[in-house]
Amino acid sequence: QVQLVESGGGWVQAGGSLRLSCVASGRSFSSYAMGWFRQAPGKEREFVAATDWSGRTSDYANSVKGRFTISRDNVRNTMYLQMNSLKPEDTAAYYCAADRVYKLGRSYEYWGQGTQVTVSS
């Protein structure tokens, strides 16, 4: 069982930066692949970024590539999403997720409650 808690969301002007954190409780955090997803009002939840258990492999949605960076600290049981050059279209609730299998789809086993990111123009 893994419990995930996101933090770091907030309001920022376009062009600004935010760093999201996802703290995992439970053992064996380092054995889980981790992902970030987001959901804007009226839209489906979409993939943002993922990293494997080691942090050496990662993937990004085309919409965030070059602006967002996913990372993890297996000692602190924490995953991060550094978001730079934010755009109004990045406004959404951001969710972290964990699964024993590295994947880019939405079928992750464990999910956090989400943190809101609002980017104003």
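The local environment of CD in Gln113 is sparse, with at most 12 non-hydrogen atoms from other residues, nucleotides or ligands closer than 6.0 Å. The environment of Gln3 atom CD is sparse: at most 12 non-hydrogen atoms of other residues, nucleotides or ligands sit within 6.0 angstrom.
Between atom CZ of residue Arg100 and atom OH of residue Tyr110 there is a gap of 7.0 Å, rounded to the nearest 0.5 Å. The line from OG of Ser31 to CG of Asp52 is 12.0 Å long, rounded to the nearest 0.5 Å. Taking OG of Ser121 as the reference point, atom CD of Gln13 lies at 9.0 Å (rounded to 0.5 Å). Between atom CE of residue Met79 and atom OH of residue Tyr32 there is a gap of 14.0 Å, rounded to the nearest 0.5 Å. Rounding to the nearest 0.5 Å gives a distance of 7.0 Å between CH2 of Trp53 and OG of Ser30. Rounded to the nearest 0.5 angstrom, Tyr102 OH and Asp59 CG are separated by 3.5 Å.
Clustering ILVMFWY residues whenever any of their side-chain heavy atoms sit less than 4.5 angstrom apart, transitively, puts Val12 in the very cluster that holds Leu20. Linking ILVMFWY residues whenever their side-chain heavy atoms come closer than 4.5 Å, directly or via other members, places Val48 and Leu86 in the same cluster.
Put simply, the side chain of Glu6 gets close to the backbone of Cys96: a donor and an acceptor are under 3.5 Å apart. At distances below 3.5 Å, not a single donor-acceptor pair connects side-chain atoms of Thr57 with backbone N or O atoms of Thr51. For Thr91 (side chain) and Val119 (main-chain N/O), a donor-acceptor pair under 3.5 Å exists by modelled atom type.
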For residues 63-70, which side-chain N or O atoms pair as donor and acceptor with protein atoms under 3.5 Å away, sequence neighbours left out?
from, atom 1, to, atom 2, distance (Å)
Ser63, OG, Arg38, NH2, 3.4
Lys65, NZ, Asn62, OD1, 3.2
Arg67, NH1, Ser85, O, 2.9
Arg67, NH1, Asp90, OD2, 2.7
Arg67, NH2, Ser63, O, 2.8
Arg67, NH2, Asp90, OD1, 3.0
Arg67, NH2, Asp90, OD2, 3.4

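When the salt bridge (Lys or Arg N to Asp or Glu O under 4.0 Å) test is applied to Arg45, no partner is found at least two apart in sequence or on another chain. Asn77 meets the side-chain hydrogen bond (donor to acceptor under 3.5 Å, both in side chains) test with no other residue; sequence neighbours excluded. Judged as a ring pair (Phe, Tyr, Trp, His ring centres under 6.0 Å), and not counting sequence neighbours, the contacts of Phe37 are Phe47, Tyr108, Trp111. Remark: Arg76 engages Asp73 in a salt bridge (Lys or Arg N to Asp or Glu O under 4.0 Å) (not counting sequence neighbours). Under the salt bridge (Lys or Arg N to Asp or Glu O under 4.0 Å) criterion, Glu109 pairs with no residue at all, not counting sequence neighbours.
The two residues Ser17 and Gln82 make their nearest non-hydrogen contact at CB-NE2, 4.0 Å. Shown here for Leu18 and Gly8, the closest heavy-atom pair between the two residues is CD2-O, 3.9 Å. For Gln39 against Lys43, the heavy-atom pair with the smallest separation is NE2-O, 3.1 Å. Of all heavy-atom pairs spanning Gly112 and Tyr95, the tightest one is O-CD2, 3.6 Å.
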Quick one: do Val2 and Phe29 satisfy side-chain contact (heavy atoms from CB on, under 4.5 Å)? Show the steps, please. CA-CA 8 Å; Val2 176; Phe29 171 77; 5.7 Å; no
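With 3.5 Å as the limit, one finds no donor-acceptor pair spanning the side chains of Tyr80 and Arg72.
Considering only heavy atoms from C-beta on, Met34 comes within 4.5 Å of Leu4 through its side chain.
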